[in-house]
Number of protein chains: 2
Amino acid sequence: MIGRGGRDLGGLPGTLAGLAGELREGAVSPVEATEAALGLIEERDGELNSFITVTPERAMEVARRAEREIRAGRYRGPLHGVPLGLKDLIPTAGVRTTMGSAFFEGHVPGYDAAVVEKLEEAGAVLVGKNNTHEFAYGTTGDRSRFGPVRNPHDTSRISGGSSSGSGAAVAVGLVYGALGTDTGGSIRIPAALCGVVGMKPTFGRVSKRGVFPLAWTLDHVGPLTRTVRDNALLLSALAGHDPEDPYSVRRAPEDFARDLGRGVRGGVVGVPSGFYFDGLDGEVAERVAEAIGALRGLGVRTRPVAVPLLRETLDAQRLVLAAEAYAVHAQRLRSEPERFDEEVRERVAAGEALLAHEYAVAQRTKLASLRVFDRALEGVDVLLAPTVPLPATEIGQREVRIAGREEPVRASLNRFTGPTNLNGLPSLSVPCGRTASGLPVGLQMVGRPFDEATLYRYAHALEQAAGV
Amino acid sequence: MIGRGGRDLGGLPGTLAGLAGELREGAVSPVEATEAALGLIEERDGELNSFITVTPERAMEVARRAEREIRAGRYRGPLHGVPLGLKDLIPTAGVRTTMGSAFFEGHVPGYDAAVVEKLEEAGAVLVGKNNTHEFAYGTTGDRSRFGPVRNPHDTSRISGGSSSGSGAAVAVGLVYGALGTDTGGSIRIPAALCGVVGMKPTFGRVSKRGVFPLAWTLDHVGPLTRTVRDNALLLSALAGHDPEDPYSVRRAPEDFARDLGRGVRGGVVGVPSGFYFDGLDGEVAERVAEAIGALRGLGVRTRPVAVPLLRETLDAQRLVLAAEAYAVHAQRLRSEPERFDEEVRERVAAGEALLAHEYAVAQRTKLASLRVFDRALEGVDVLLAPTVPLPATEIGQREVRIAGREEPVRASLNRFTGPTNLNGLPSLSVPCGRTASGLPVGLQMVGRPFDEATLYRYAHALEQAAGV
């Protein structure tokens, strides 16, 4: 089950959904589940480095409370008693939150992020804080004050980032799910490279209150899990309007797992021409083509669609990210530049000189991009594309040759994920097999605003299909 | 009636609402009304310069059609057969549209702006295009390729801008109403200085499709009229969702004139402390205080309210305006800088070097400002403030002394209007008396998003009250 489509990486057994059933029925206790998670972290994470901070005492306390509640018949739902991880960019009251940075090495916030409140209300057991690329400002996940995260499928390689620890911890099965953040692909990239399911929900769907910003008009919070159903369960708990987050959108609560079983027969998916299929690693191209073929085998029609303006959308997303990240870090850059990782510092500094009129035009591109996707999604349920153009690279590697062209690793990794950070459309990465050397490949699905349910339905169908 | 609260300026008789009744009943014909308007423009506008282009043939043709339709019982509503003006920033198919600029001196667009379509559907008679500050980039209205607009109350003085011609033409009664645009106060400033009613509706309420931009995230289209009821009638025809304008908001159609008669007894208005009452001309302060007193006399309670962040909001509005205006004009500035008015060129050029991270922060200030106003409007119906801190200055005057402080005229004029361009809240200017030398003073009312109806109700009550 673990490490779908391939080797069992030896982590926690089963799925979040499966565990939830056992917890509800009393077949497993939250204390047992939490002890198992903590034990595995202790045993395995020295190598992976997916956690910065582990909180066994707090976790056991919450687990014991969950045990009492469930025994007393006060079952809260599918996260009750389930061990989860949290990217260390998400503040937790009383628990160190570092942003993967020397600046916050000993920082203990006095408040919880909104999503932490949500998880605690749902009875989840937060076992610790997952490693992150410093300030989430990187796609490789190998630049953190706390060292690089290693890919469980090949520990000489990156997990992808910035939600590097969340991706690796979920892939190996140290937790049943983890939260990440995604500003240019930071949930979907580690999901693809580690072989797990990662959802960047629609902008505004999940509150960002309290979460440390990378670029506030592009930042999203979302779940990484081993299965699609697990992901849907986690998002159902996270979603909801928050009047304290100015970007939060008022939507009715939804059970995203409800329609998973409905199947996809008779559905239509769009396959964009160009862009998403340019400059692709050969094996990635093959796995993605096979996944599309598998969907056809399930009775789905595929249709080529034109999605213009993608290059401009990506450029605009990168400009907005650089400008906002500079604004976030300007004071730190002036006062203590040496405390940044060198690579992150360079990227932050590069945002300073960008011009206001360029940013203004980039924001106009956001609207144009929304219309372009709106048109591309007419008559199709979802758009399909690779999540990243290549499998995981080596830790520390900065240039890569893909399809005969040399390019920077960090830019290649978010080439396909960045556009929907600008326009805010929901985008999910689901595993779609592996390379010959065993490295996972991810398929990206992009949907209409607030139509995460359809993404999950297609991803679930693909996950269930033979051969994927 | 004309030139409320003071001299009759000798223009068209009565009000738009009154004329509408006479047109519907056949007591007046659209042809007569249009001939009267065209005659007055011919006779009076040489001095005022409120029109750049007059279209007598087209107007008479539309008037004759309106006459036939009304006679045949096909009455379209209160704008049917009513002569109106249009700021020359609003494109009209087949009719020269200059933006007040040498660049577009002979420009004849092939399309109508959305609001032109709306007015034509409503049967209005567009008699011509009103003068505007060049590219709408100025608050004085005295820098246009077609010369300065003169204030009908003192022709040595400015009308205010940028919708300078719309304000002057309506004030003197050359038309029953005119459209303007407002990016930092460009409807409300000429309304205040010319003694008419000017409404900047909520951002997104009126489509901007086709309108030449000054700064696209701040631009609004709205009506200038002699009375509040007339304004409400005009906005009722202009409002509505336009899928072709990415900023247009989906709202049900509204009859903004419906509740005017409901009165304001028992209502509560907020009077912000500081900012709006700092650096005020003495007579403006007196007239505004009297208007607030008049509302009290109508049974309205007044409450001091804190509106923090106004200085930051204004600064952010100015930065966003400068950055977007630069983006709009960059190509023209590079290729033919000499075709700009010198002052406008300087302002455009000043937008080039502004930084992206400053713009990004300004957009964050927009959200903060919305929350601040939201809080300030808790428990009050509207906020009251002067529209501008001073009466009309001399044409060409660039510095002014107000309350003992020297400041640039153009910056003083939009000090109080700019904030709601950033946050998009509806804001109206209604006449509230005159200075000893006969210059009009305007009272500004700011309301909740999409609550223009309440602004109109208060402004109507004030208009009806004795002594104002």
Side-chain angles (χ1 to χ4, degrees), chain A residues 183 204 208-209 213-219 242-249 315-334 347-375 422-423, chain B residues 183 204 208-209 213-219 242-249 315-334 348-375 378 422-423:
Chain A
T183 310
K208 301 189 291 178
R209 170 165 50 88
L214 171 56
W216 60 88
T217 70
L218 307 171
D219 293 339
D242 179 357
E244 295 300 309
D245 172 1
Y247 298 104
S248 175
V249 172
D315 288 344
Q317 181 268 338
R318 287 174 171 175
L319 186 139
V320 169
L321 196 161
E324 294 180 5
Y326 177 79
V328 168
H329 292 291
Q331 181 53 43
R332 271 179 288 275
L333 188 65
R334 270 192 299 273
R347 297 193 71 184
V348 169
E352 180 173 9
L354 296 169
L355 294 172
H357 60 89
E358 297 173 325
Y359 182 102
V361 169
Q363 291 293 355
R364 209 167 50 184
T365 302
K366 173 194 289 200
L367 296 177
S369 173
L370 260 175
R371 302 184 79 176
V372 156
F373 272 85
D374 191 49
R375 216 161 295 141
L422 188 74
N423 64 34
Chain B
T183 309
K208 301 189 289 178
R209 170 164 50 88
L214 171 56
W216 61 86
T217 70
L218 307 171
D219 293 338
D242 179 357
E244 295 300 310
D245 171 2
Y247 297 105
S248 175
V249 172
D315 289 345
Q317 181 268 336
R318 288 174 171 173
L319 186 141
V320 169
L321 196 162
E324 294 181 3
Y326 177 80
V328 168
H329 293 290
Q331 181 53 42
R332 272 179 287 276
L333 188 67
R334 270 192 299 273
V348 169
E352 182 173 7
L354 296 170
L355 294 172
H357 61 88
E358 297 173 324
Y359 182 101
V361 169
Q363 291 293 355
R364 209 167 50 183
T365 302
K366 174 195 290 202
L367 297 177
S369 172
L370 260 174
R371 303 185 80 177
V372 155
F373 272 84
D374 190 50
R375 216 160 296 140
E378 268 174 27
L422 188 74
N423 64 33

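So that the names make sense, note that chain A is the first sequence line, chain B the second, and so on, each numbered from 1. All values below were derived from every heavy atom in this structure, side-chain atoms included, with hydrogens, water molecules and symmetry-related copies excluded.
Annotation: side chain of Leu367(A) is not in contact with side chain of Trp216(B) (no heavy-atom distance under 4.5 Å).
For chain A, the nearby parts of Leu355(B) are the backbone and the side chain; heavy atoms of each come within less than 4.5 Å. The contact between Ala353(B) and chain A is made entirely by backbone atoms, counting heavy-atom distances below 4.5 Å.
For the atom pair CD (Glu244(B)) and CZ (Arg371(A)), the distance works out to 5.0 Å, reported to the nearest 0.5 Å. To the nearest 0.5 Å, the span separating NE2 on His357(B) from CD on Glu324(A) amounts to 12.0 Å. Here the CD atom belonging to Gln363(B) is positioned 6.5 Å from the CD atom belonging to Gln363(A), to the nearest 0.5 angstrom. Here the OH-CD distance, from Tyr326(B) to Glu358(A), works out to 9.5 Å after rounding to the nearest 0.5 Å.
Options Ala368(A), Ala325(A), Ala327(A), Ala360(A) differ in how many heavy-atom pairs under 4.5 Å they form with chain B, and the most are formed by Ala360(A).
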